[in-house]
Amino acid sequence: QVQLVESGGGLVQAGGSLRLSCIASGRTFSTKSMAWFRQAPGKEREFVAASWWSAGNTYYADSVKGRFTISRDFAKNTVYLQMNTLKPEDTAVYYCAAAGQGSGWPPTNYYDIDYWGKGTLVTVSS
């Protein structure tokens, strides 16, 4: 089992920045990649960004490319999502996710994911 706990959500004005954090614990050695997904009210959960756990490969949804950056800190077992130039349409609950060794790359679909965090709410006001 891998446990994921997100933090860093909040209310920000359009054009502002936030950094989300996700602390992983448990059997993290079984993790191939980490990802962030988001779900806006009334919409399906969608992929945002992913990073290999043991290497620097990253992948982004087109909607956030150039604005969001995913990174990881092995020493802290933590994955970050730096979000810049936020837009009202970025408003959503953001979920941290972990994909196991048997998963594909990039893990852009819910069925690629083995573990989910409980989410953190990001609200961007216009």
Side-chain angles (χ1 to χ4, degrees):
Q1 293 284 337
V2 175
Q3 293 79 41
L4 305 171
V5 179
E6 305 98 332
S7 62
L11 174 64
V12 64
Q13 288 189 334
S17 298
L18 278 177
R19 189 179 78 159
L20 306 183
S21 300
C22 172
I23 299 176
S25 60
R27 297 170 62 90
T28 56
F29 59 85
S30 66
T31 299
K32 177 178 181 178
S33 61
M34 298 291 292
W36 288 93
F37 285 70
R38 66 186 181 186
Q39 187 166 16
K43 294 188 177 182
E44 293 186 352
R45 193 170 299 188
E46 64 175 4
F47 169 80
V48 175
S51 172
W52 277 64
W53 185 240
S54 60
N57 306 58
T58 57
Y59 186 82
Y60 298 91
D62 288 342
S63 59
V64 306
K65 201 172 294 184
R67 300 188 298 123
F68 291 10
T69 302
I70 187 171
S71 62
R72 75 239 187 280
D73 185 330
F74 283 125
K76 298 181 178 179
N77 267 0
T78 301
V79 176
Y80 303 98
L81 185 67
Q82 176 67 43
M83 305 185 295
N84 298 328
T85 319
L86 282 161
K87 305 176 181 179
E89 51 264 43
D90 293 319
T91 294
V93 176
Y94 283 71
Y95 296 91
C96 181
Q101 294 295 335
S103 64
W105 172 262
T108 59
N109 296 293
Y110 73 93
Y111 49 77
D112 292 318
I113 301 302
D114 294 291
Y115 303 100
W116 295 94
K118 293 184 178 181
T120 184
L121 176 62
V122 172
T123 304
V124 184
S125 63
S126 56

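Numbers here are sequence positions counted from 1. Worth saying up front: this structure is predicted, and the values here are computed from it rather than measured.
Nearest approach of T28 to V2, heavy atoms of both residues: N-CG2, 4.2 Å. Among all heavy-atom pairs drawn from S21 and W36, the shortest one is O-CH2, 3.7 Å. L20 and M83 make their closest contact through CG-CE, 3.8 Å (heavy atoms, listed as atom of the first residue, atom of the second, distance). The two atoms that bring L11 and S125 nearest to each other are CD1-CB, 4.3 Å, heavy atoms only.
Linking Ile, Leu, Val, Met, Phe, Trp and Tyr whenever their side-chain heavy atoms come within less than 4.5 Å leaves L86 and Y95 in two separate clusters. Linking Ile, Leu, Val, Met, Phe, Trp and Tyr residues whenever their side-chain heavy atoms come within less than 4.5 Å places V93 and F47 in a single cluster. No chain of hydrophobic side-chain contacts below 4.5 Å, direct or via other Ile, Leu, Val, Met, Phe, Trp or Tyr residues, connects V79 to W105.
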Begin from the C-alpha positions of L81 and R38 and carry the test side-chain contact (heavy atoms from CB on, under 4.5 Å) through to its verdict. CA-CA 12 Å; L81 185 67; R38 66 186 181 186; over 6 Å; no
Determine, step by step, whether T108 and Y59 satisfy the side-chain contact (heavy atoms from CB on, under 4.5 Å) criterion, reporting the C-alpha distance in whole Å, the side-chain angles of both residues, the deciding distance to 0.1 Å, and the verdict. CA-CA 9 Å; T108 59; Y59 186 82; 3.8 Å; yes
Apply side-chain contact (heavy atoms from CB on, under 4.5 Å) to residues M34 and L4 and explain how you reach the verdict. CA-CA 10 Å; M34 298 291 292; L4 305 171; 3.7 Å; yes
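For T78 (side chain) and I23 (main-chain N/O), no donor-acceptor pair under 3.5 Å exists by modelled atom type. At distances below 3.5 Å, at least one donor-acceptor pair connects side-chain atoms of E6 with backbone N or O atoms of K118. Looking only at distances, a side-chain donor or acceptor of Q101 sits under 3.5 Å from a matching main-chain atom of T31. With R72 contributing its side chain and W53 its backbone, the two residues share a donor-acceptor pair below 3.5 Å. The backbone N or O of I70 sits less than 3.5 Å from a side-chain atom of Y60, completing a donor-acceptor pair.
When each of T85, D90, N84 is tested with R67 by the rule side-chain hydrogen bond (donor to acceptor under 3.5 Å, both in side chains), just one qualifies, namely D90.
In this structure, the ring of Y110 has its center no less than 6.0 angstrom from the ring center of W116.
A cation-pi arrangement is present between K32 and W52 under the rule of less than 6.0 angstrom and at most 45 degrees off the ring axis. By the 6.0 Å and 45° rule, R19 stacks over the aromatic ring of Y80.
Considering OG of S126 and NZ of K87, their distance stands at 14.0 Å, rounded to 0.5 Å. The structure places CD of Q1 at 9.0 Å from OG of S30, a figure rounded to the nearest 0.5 Å. Note that the CG atom of D114 and the CZ atom of R27 stand 12.0 Å from one another [nearest 0.5 Å]. In this structure, OG in S103 is found 11.5 Å from CG in N109, a value given to the nearest 0.5 Å. Taking SG of C96 as the reference point, atom CD1 of I113 lies at 9.0 Å (rounded to 0.5 Å). Annotation: the span from Q3 atom CD to N77 atom CG amounts to 11.0 Å, rounded to 0.5 Å.
Taking the six-membered ring for Trp and thresholds of 30 and 60 degrees, Y94 and F68 have ring planes inclined between 30 and 60 degrees apart.
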